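Read through the structure below, which is laid out as structure tokens, and then see the notes.
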Amino acid sequence: MNNRKIFKEALGLLPGGVNSPVRAFKAVGGEPIVLTKGKGYRVWDADGKEYIDFLASWGPLILGHAHPKVVKALRQELEQGISFGLTNPHEVRLARLVVEMVPSVEMVRFVNSGTEATMSAVRLARGITGRKLVLKFDDCYHGHYDSLLVSAGSGVATFGIPGTPGIPEDIAGLTLVVPYNDEEALEEAFKKHGEDIACAIVEPVAGNMGVVIPKKSFLSKLRELTRAHGALLIFDEVITGFRLSKGGAQELFSVEPDITCLGKILGGGMPVGAYGGRKELMERAAPEGEVYQAGTLSGNPLAMVCGAETLRTLRDTEPYDELEQKMEKLAEGVSSILKDKGLPFRINRIASMMTVFFTEKEVVDFSSAKTSDTELFSRFFKTLLGKGVLIPPSQFEAWFISTAHDEDALEEALSRIQDAVGSL
Ligand SMILES: *Cc1c(COP(=O)(O)O)cnc(C)c1O
């Protein structure tokens with residue numbers, strides 16, 4: 001079997017051939033690849049072609065593919081059975097690690113995806129406050145939950161419009177949308193609607209419009225305003241959790257949310273999400289409290305073991321300085337290659353994530369991100385792919401590196417990128 005054959009069959013069996021739209025490469029064009037194997041910093045497709053991987057399964061694989069410790073722990077647990085549907089010890093172990101590592105979390109509920117985490121967190125916030133409105137930021141992505149899959153209307157702080165058919169206007173209309181990094185619009189939204197806002201949800205570093213760093217006082221302003229108006233603050237740390245630091249963005253920026261959503265790295269490659277916060281808030285969730293939320297496979301033992309082994313390794317080895325230095329090296333290398341070629345670009349980088357935007361404008365929000373030349377990006381993506389470098393197939397996503405990306409990996413990647421850009 002090869003890429004083309006498998007994908008052709010997939011097209012007849014799965015909508016667009018995929019189980020998540022961006023995998024179809026629509027944003028960049030060309031034929032999607034089908035991956036069959038990953039080891040360390042590399043993946044292989046069904047044609048047997050090898051790639052240096054900066055997609056990292058969209059972020060979860062901070063230890064690289066098939067880390068020996070993780071594989072060993074999973075193998076052991078597999079022998080014990082796959083699912084029980086009642087409490088297992090690994091849920092407690094992973095919860096202990098999360099509470100230890102994430103500053104604002106005292107109690108946590110595991111779910112099966114980032115989407116479930118944000119959906120449940122918003123329900124909890126609405127249940128606790130008895131209010132209806134949710135405030136989000138333009139083009140922050142929080143999974144595909146109806147209330148959060150809305151776009152900005154026209155204007156600076158407006159009620160949302162459905163981001164897709166299938167979401168009633170009545171639901172989208174309960175979401176307020178404000179531009180990222182815009183403190184004035186934020187103040188205005190709270191001034192107008194403060195009494196009705198149940199929660200504000202934010203990516204503390206945006207990863208889903210490409211990497212966008214919060215301005216210095218943006219998060220603390222948001223903390224101040226939510227507190228002053230009796231709204232809960234939700235940090236969606238599905239990407240940033242365990243990536244920016246051991247304790248995520250809240251540790252790095254010293255701003256504590258009321259509720260934190262986690263996913264991606266939390267499961268180490270298995271489908272795991274979570275929401276957590278102070279005990280008095282989390283105890284409002286069923287069965288301790290009245291806000292209902294449940295999951296047949298939540299806390300699955302294999303998924304918990306995979307997450308626990310990943311977090312334990314991160315806690316014990318604290319690879320964050322090293323990861324940041326590697327990302328810096330990669331970013332500087334890419335930067336000098338693109339400069340030599342005379343291409344317009346901006347690199348936004350923090351810790352072990354970055355985005356190369358093909359624009360001359362500083363990227364601070366979605367409207368500046370959109371000034372990027374997506375046609376140039378798509379040529380860049382394809383030529384990199386051809387040379388064996390896998391980056392996310394969209395201008396508005398983040399490159400990730402893992403502890404498996406060693407010096408050789410980076411040097412080889414830069415040499416392939418140089419080659420690729422030469423032929424652009
Ligand atoms: C990936 C992501 C989600 C959604 O997680 P899924 O597991 O894909 O449902 C939510 N929020 C952020 C910030 C994400 O990056």
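Both counts, for ligands and for their atoms, begin at 1 and track the order of listing. Predicted, not measured: the structure shown is a model, and the values here were computed from it.
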So, for Phe137 and Phe218, is the gap between ring centers shorter than 6.0 Å? yes

Is the number of heavy atoms from other residues, nucleotides or ligands under 6.0 Å of Phe84 CZ greater than 12?
yes

Centroid separation His193 to Phe159 less than 6.0 Å: yes

Closest non-hydrogen contact found for Gln293 with Val111 is NE2-CG1, 3.3 Å

Contact set, ligand 1, heavy-atom distance under 4.0 Å, ordered by chain/number, equals Ser113, Gly114, Thr115, Tyr141, His142, Gly143, Glu203, Asn208, Asp236, Val238, Ile239, Lys264

- Name the orientation class of the two ring planes belonging to Phe366 and Phe396 (parallel below 30°, tilted from 30 to 60°, perpendicular beyond 60°). perpendicular

*asked:* How about CD on Glu169, more than 12 heavy atoms from neighbouring residues, nucleotides or ligands closer than 6.0 Å, or not?
replied: no

